[in-house]
Amino acid sequence: MMSMKIAKKSPRKILRKKRIQKGKKEETKGKKKKENTAEKSAMQVSDRLQKSLQKIPTKSERDIIAENFEQEHPDGTTTTVFFAVDVRVPPILLRTTQRDRLLGSRILVAIDSWPSDSTYPLGHYVKSLGSCGKKDVETEVLLHEHNIPCNPFPAKVLACLPPEDYKIEMQPGRLDLRHLPVLSIDPPGCKDIDDALHCIV
């Protein structure tokens, strides 16, 4: 026969085990309390954010400026506000008879002066580039915005082109991609324009 002995735990070990269990319970309670506090804080922030959003006016800053500064004059002209693509340029006040025709168009404007008693500078209409949103118009806006020369080529340059009835003979293994808009990315002054890209969005 075999005899089994049950080892008795010492009071110190039992006390230590109880302390560990108690510490784990308190840690769990602390975590739950923090989670509840975080949830309440998030709800309070969300409520405050929602209330602050309700206070934001529906009109944009541009609409407010236009309402405050646009006015009609007895001579038939209208002072209207021009907003540049570059946000660093302040709104420009234009006095024109073509307000209705220019609305929704991309236009070029020149600044004439900025009187000390005027909130914004005064300018005049130069020319219209076309309606907003059109690819060719927006491309021209970007060219003007970044001072990229976009004037028509002079006759001397056009004389270097092949005649209008010139036809390219496709060789085996070559792919005709002339129907795609391709942009050269070679640096200014480059003699070999051989780096280009095309992107489809």
Side-chain angles (χ1 to χ4, degrees), residues 45-161 164 177-190 193 195-201:
V45 171
S46 177
D47 292 340
R48 286 200 301 269
L49 181 61
Q50 189 173 2
K51 289 178 182 178
S52 63
L53 288 174
Q54 290 174 354
K55 294 179 182 179
I56 296 176
T58 54
K59 293 182 180 178
S60 67
E61 184 180 359
R62 290 188 173 190
D63 292 333
I64 295 172
I65 293 173
E67 286 183 0
N68 291 335
F69 288 91
E70 285 195 352
Q71 57 176 323
E72 295 182 356
H73 303 282
D75 61 355
T77 60
T78 303
T79 295
T80 186
V81 187
F82 168 82
F83 298 97
V85 175
D86 190 343
V87 295
R88 296 172 296 180
V89 179
I92 303 170
L93 303 180
L94 308 176
R95 189 162 177 170
T96 178
T97 58
Q98 308 179 67
R99 177 187 178 278
D100 294 337
R101 187 177 70 84
L102 297 178
L103 283 176
S105 300
R106 295 291 193 187
I107 63 174
L108 289 181
V109 168
I111 296 178
D112 300 322
S113 63
W114 196 335
S116 58
D117 59 345
S118 177
T119 307
Y120 300 114
L122 310 180
H124 69 273
Y125 162 77
V126 177
K127 73 171 185 177
S128 176
L129 302 179
S131 301
C132 295
K134 291 186 176 180
K135 183 179 72 173
D136 295 341
V137 175
E138 299 299 335
T139 300
E140 192 171 354
V141 169
L142 291 173
L143 294 174
H144 279 286
E145 191 67 23
H146 297 282
N147 295 321
I148 300 173
C150 56
N151 296 325
F153 290 107
K156 188 177 179 180
V157 174
L158 296 176
C160 298
L161 297 175
E164 293 184 3
L177 299 176
R178 288 175 294 169
H179 61 286
L180 299 176
V182 179
L183 175 68
S184 169
I185 56 174
D186 290 283
C190 179
I193 304 179
D195 294 321
L197 59 84
H198 168 72
C199 178
I200 299 177
V201 180

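Along the sequence shown, the residues carry numbers beginning at 1.
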Original post:
H198 side chain to P181 main-chain N or O, any donor-acceptor pair under 3.5 Å?
Top reply: yes
Original post:
In Å and rounded to the nearest 0.5 Å, what is the CG to OG1 distance from N68 to T119?
Top reply: 9.5 Å
**OP:** Could you list the residues that satisfy side chain to side chain contact (heavy atoms under 4.5 Å, CB included) with L161, not counting sequence neighbours?
**Re:** L158
**OP:** Any chance you could measure R101, atom CZ, to S128, atom OG, to the nearest 0.5 Å?
**Re:** 6.0 Å
**OP:** Hey, could you give me the CG/CG distance between L143 and N151, rounded to the nearest 0.5 Å?
**Re:** 10.5 Å
**OP:** To the nearest 0.5 angstrom, please state how far the CG atom of L183 sits from the CG atom of D195.
**Re:** 11.0 Å
Original post:
In Å and rounded to the nearest 0.5 Å, what is the CD1 to CZ distance from I65 to R62?
Top reply: 8.5 Å
Subject >> Counterpart residues, salt bridge (charged side-chain N to carboxylate O under 4.0 Å, His left out), relative to E67 (two or more places apart) >> reply: K59
**OP:** Considering non-hydrogen atoms only, spot the tightest contact between I111 and P121 and give its length.
**Re:** CG2-CB, 3.9 Å
Subject >> Set of salt bridge (charged side-chain N to carboxylate O under 4.0 Å, His left out) partners for D75, sequence neighbours left out >> reply: R95
Original post:
Can you check whether T80 reaches L102 side chain to side chain, under 4.5 Å on heavy atoms?
Top reply: no
**OP:** Sequence neighbours left out, what passes side chain to side chain contact (heavy atoms under 4.5 Å, CB included) with E72? Give chain and number order.
**Re:** T78
**OP:** Calculate, to the nearest 0.5 Å, the distance between atoms SG and CG belonging to C199 and L180 respectively.
**Re:** 11.5 Å
Subject >> Qualifying ring-ring contact (aromatic ring centres under 6.0 Å, His included) pairs, either residue in residues 102-138, two or more places apart >> reply: F69-Y120
Subject >> Residue pairs passing the ring-ring contact (aromatic ring centres under 6.0 Å, His included) test where at least one lies in residues 135-157, sequence neighbours excluded >> reply: none
**OP:** Could you list all the salt bridge (Lys or Arg N to Asp or Glu O under 4.0 Å) pairs where at least one residue sits in residues 178-188, not counting sequence neighbours?
**Re:** D176-R178
Original post:
Going by the salt bridge (Lys or Arg N to Asp or Glu O under 4.0 Å) test, which pairs reach into residues 111-127, not counting sequence neighbours?
Top reply: none
Show which side-chain atoms of residues 82-92 pair as donor or acceptor with protein atoms under 3.5 Å away, not counting sequence neighbours.
unit_1: D86; atom_1: OD1; unit_2: R88; atom_2: N; d: 3.0
unit_1: D86; atom_1: OD1; unit_2: R88; atom_2: NE; d: 3.1
unit_1: D86; atom_1: OD2; unit_2: R88; atom_2: NE; d: 3.2
unit_1: D86; atom_1: OD2; unit_2: R88; atom_2: NH2; d: 2.8

**OP:** Taking side chain to side chain contact (heavy atoms under 4.5 Å, CB included) as the test, write out the residues that go with L103, two or more places apart.
**Re:** R99, D100
**OP:** Evaluate the side-chain contact (heavy atoms from CB on, under 4.5 Å) criterion for residues V81 and L93: first the C-alpha distance (whole Å), next the side-chain angles of each, then the deciding distance (0.1 Å), finally the verdict.
**Re:** CA-CA 5 Å; V81 187; L93 303 180; 3.9 Å; yes
Subject >> Residue pairs involving residues 136-161 (criterion salt bridge (Lys or Arg N to Asp or Glu O under 4.0 Å); sequence neighbours excluded) >> reply: R106-E138
**OP:** Please confirm whether the backbone N or O of Q98 pairs with a side-chain atom of T96, one donor and one acceptor, at under 3.5 Å?
**Re:** yes
**OP:** Could you tell me which residues satisfy side chain to side chain donor-acceptor pair (under 3.5 Å) with T79, sequence neighbours excluded, listed by chain and number?
**Re:** H73
